[in-house]
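Encoded as structure tokens, the structure appears first; notes follow it.
First the proteins, then the strands, lettered A, B, ... as listed; each starts at 1.
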Amino acid sequence: MELRLYNTLTRSVEPFTPLEPGRVRMYTCGLTAYDYGHIGNFRTFVGVDILQRFLATQGYDVDSVMNITDVDDKMIARSSAAGRSLREYADFYAAAFTEDCQRLRIRPARHIVRATDFIPDMVAWIERLVASGHAYEREGSVYFRLASFPAYGRLSGKDLDGLQSGARVDVDDYAKEEARDFVLWKAWKEGEPFWESPWGKGRPGWHIECSVMAEKLLGAAAPQGSPQGTIDIHAGGTDLIFPHHENEIAQVEALTQAPFARYWVHMEFLLVNGEKMSKRLGNFYTVRDLMEKGYHPSAIRYLLASVPYRRQLNFTLEGLDQATSALERLRVFQDRIRRTPLPDTTDSGLNQAAAAASDAMVAALAENLNTAEALAAIFDLVRAANTALDAGHFGAGNRAPVQAVLDAFDEIFAVLAHDAPPASALSPEAVNQLLAEREAARRMRDWARADALRRQLDDAGVLVEDIKGGGGRWRWK
RNA sequence: GGCGCGGUAGCCAAGUGGUAAGGCAGAGGUCUGCAAAACCUUUAUUCGUGAGUUCGAUUCUCACCCGCGCCUCCA
């Protein structure tokens, strides 16, 4: 089914078709590795993950790149304050980022790249910008000459004149021709890490990193006959539209004379108590914070995924509780259809409902990734199937079709598998031992002992459910 | 001030020019030794406010009110 995507460039939902049939070249602005990512950051990455997973299920080969910025002002300041090298510091938070992505089941981009591994490419690109008159050197720094790129501002809808008058002058940037010009290469300052360049020691500006890595790994692979340098999708958080993505466009298009990206996809913000979650405001939760409070990464992912990406999501612990409960419903259902002994029959109406749910889910996702509507389709099927199970209509012939819908759902949402149980958890053997004792007590109608054992298991995080006719099941809470 | 997103039940949230999906929570019931899970019933005469267009608007138009974001590093 054809995907329709909102494109910031045109401010409308458009049918998506990649330049090269069957292959999507996509770049996502990742994290600056100066601290743990918070769940606001991960909202964007879960959104991107869902987009990429959906494209994959539609048969596309998704050639994706995500960068990790490993040199910037904050990192330099923090790493030196911590008495560690920039590289060491970046490695630590890059590893933490990878770990959090795994917990949240974010599939890694095909290429995860570090800015400092591409410095020579950045220098070369800046040299070309200087040579073509789009950039100039001042006192060892290089700036992009905005006056040379009239198309600036198209993505964000910014008025250039307004920018010019409104711009504040950074103390570092006194040498710029115009206040609105942005830095491509920063001259070295005492005590900072540096790389050699034609303009002396220094380091790249933030914006040039993404442009150059995207162009090297994806733009250069544009298919025959299409504009060189053009990629299919560029994604990131909405706050990146201006100035970051605007600057990226300028840096690339000034040289290639071709569109940098055909679709710009921006994920809306996560709010906390009605305000943007940000490191600066200090109102953030990391995945680790929430895990310490007993929440599961899969529930975090569910919450982040359940609100369509173009809508601001106000994060609350109550919302996370709700997500936990909703997800539990899906898991219990999956357990139920896997484990319940079924009669050798088929409820054909139910299989039709499964097919309808599957179609509705795909259609919802195809319409600009409407995850809320996709979930509704799944819950409709869950209720229909539970009703059939209760009534004894759910037969062996229904198991595979219904499970297939859940599998298709989880291929995108990736929430059904259980999280790793806590390290302190009882071993499965210990759990089974206690369950067996409880079963024995129940057969003896020793309810006091049975209930005590159930409480003991409950305290250890194991939820016990009896099944009619004897036996039971359990799960981690 | 400019640009953008949004205001739908207690909470989260979908959606359409024709009379309100789904989830969570609550209440009652069925089932259960008791639970849990599941199922059934129930919870918005109404979609920020006002006006307009229309046979009919939550959905279109205009105005206004409110929340948030970007305009500076930021997912």
Side-chain angles (χ1 to χ4, degrees), chain A residues 8 11 28-32 34 37-48 69 72-74 153 156-159 161-163 166-170 182 206 235-244 246 266-271 273-281 284 302-303 306-308 310-316 318-333 335-336 360 364 367 370-380 382-391 442 445-448 450-451 454-455 458 463-468 472-475:
Chain A
T8 306
R11 302 193 191 285
T28 303
C29 292
L31 196 77
T32 298
Y34 73 92
H38 56 65
I39 57 170
N41 299 122
F42 287 112
R43 198 240 171 138
T44 292
F45 304 133
V46 167
V48 167
T69 294
D72 98 317
D73 292 345
K74 277 192 202 107
S156 57
K158 298 291 181 203
D159 174 44
D161 298 329
L163 281 181
R168 289 174 222 172
V169 180
D170 187 305
F182 60 91
W206 177 45
T238 55
D239 57 337
L240 262 34
I241 295 172
F242 187 90
H244 184 55
E246 206 70 80
H266 293 101
M267 310 293 161
E268 253 304 340
F269 262 104
L270 188 79
L271 309 177
N273 298 323
E275 275 191 315
K276 172 178 172 177
M277 175 177 286
S278 73
K279 289 170 185 164
R280 194 186 59 182
L281 293 169
F284 61 88
Y302 182 98
L303 176 60
S306 65
V307 178
R310 290 243 304 144
R311 188 184 175 106
Q312 291 177 343
L313 192 171
N314 189 21
F315 178 83
T316 58
E318 188 193 355
L320 191 49
D321 287 331
Q322 292 182 0
T324 300
S325 298
L327 178 53
E328 200 57 31
R329 177 167 163 85
L330 294 176
R331 284 189 180 152
V332 166
F333 172 70
D335 252 31
R336 191 177 183 196
E367 186 57 36
N370 191 334
T371 48
E373 208 174 325
L375 278 167
I378 293 302
F379 279 105
D380 281 340
V382 168
R383 186 169 8 80
N386 269 324
T387 302
L389 279 157
D390 284 354
R442 292 186 70 217
R445 306 187 72 79
D446 183 353
W447 307 126
D451 290 348
R454 184 166 62 195
R455 253 195 316 281
D458 191 81
L463 199 65
V464 180
E465 294 173 7
D466 298 328
I467 292 175
K468 204 174 356 183
R473 57 171 169 243
W474 66 276
R475 55 191 156 91

P gap between rU59(B) and rG23(B), integer Å: 26 Å
Whole-angstrom distance between rG26(B) and rU43(B), as gauged at atom C1': 8 Å
Sugar-phosphate only, base, or nothing, as touched by Leu270(A) at under 4.0 Å among non-hydrogen atoms: base
Inter-nucleotide C1' distance (rU46(B), rU16(B)), Å rounded: 15 Å
Whole-Å P distance, rC31(B) and rU58(B): 43 Å
C1'-based separation of rG15(B) from rG33(B) [nearest Å]: 46 Å
Contact pattern, 5' to 3', of nucleotides 6-14 of chain B - B, S or - by protein heavy atom under 4.0 Å: SS---BSSS
Protein proximity profile, nucleotides 31-38 of chain B - base contact B, sugar-phosphate-only contact S, no contact -, cut-off 4.0 Å on heavy atoms: S-BBBBSS
Option passing ring pair (Phe, Tyr, Trp, His ring centres under 6.0 Å) with His38(A) (candidates Phe45(A), Phe315(A), Phe284(A), Phe269(A)): Phe284(A)
rA36(B) to rG28(B) separation - P atoms, rounded to the nearest Å: 13 Å
P spacing across the pair rA13(B) / rG7(B), given as an integer number of angstrom: 9 Å
Touch class at under 4.0 angstrom, heavy-atom based, for Lys279(A) against every strand present: nothing
Sugar-phosphate, base or nothing in reach of His38(A), heavy atoms under 4.0 Å: base
rA57(B) to rA51(B) separation - P atoms, rounded to the nearest Å: 12 Å
Sugar-phosphate only, base, or nothing, as touched by Thr32(A) at under 4.0 Å among non-hydrogen atoms: sugar-phosphate
Residues Glu465(A), Arg473(A): salt bridge by 4.0 Å N-O rule: yes
Glu275(A) side-chain proximity, nearest of rG69(B), rA75(B), rG2(B): rG69(B)
Residue Asp380(A), side-chain heavy atoms: nucleotide from rC73(B), rA21(B), rC68(B) that is nearest: rA21(B)
For rC70(B), the Watson-Crick or wobble partner whose two distances fall under 3.5 Å: rG2(B)
Earlier contact from the 5' end, RNA chain B, for Leu375(A) and Ala384(A): Leu375(A)
Touch class at under 4.0 angstrom, heavy-atom based, for Gly30(A) against every strand present: sugar-phosphate
Pairing nucleotide - rA38(B), Watson-Crick or G-U, each distance under 3.5 Å: rU30(B)
Base paired to rC47(B) (Watson-Crick or G-U; both N/O distances under 3.5 angstrom): none
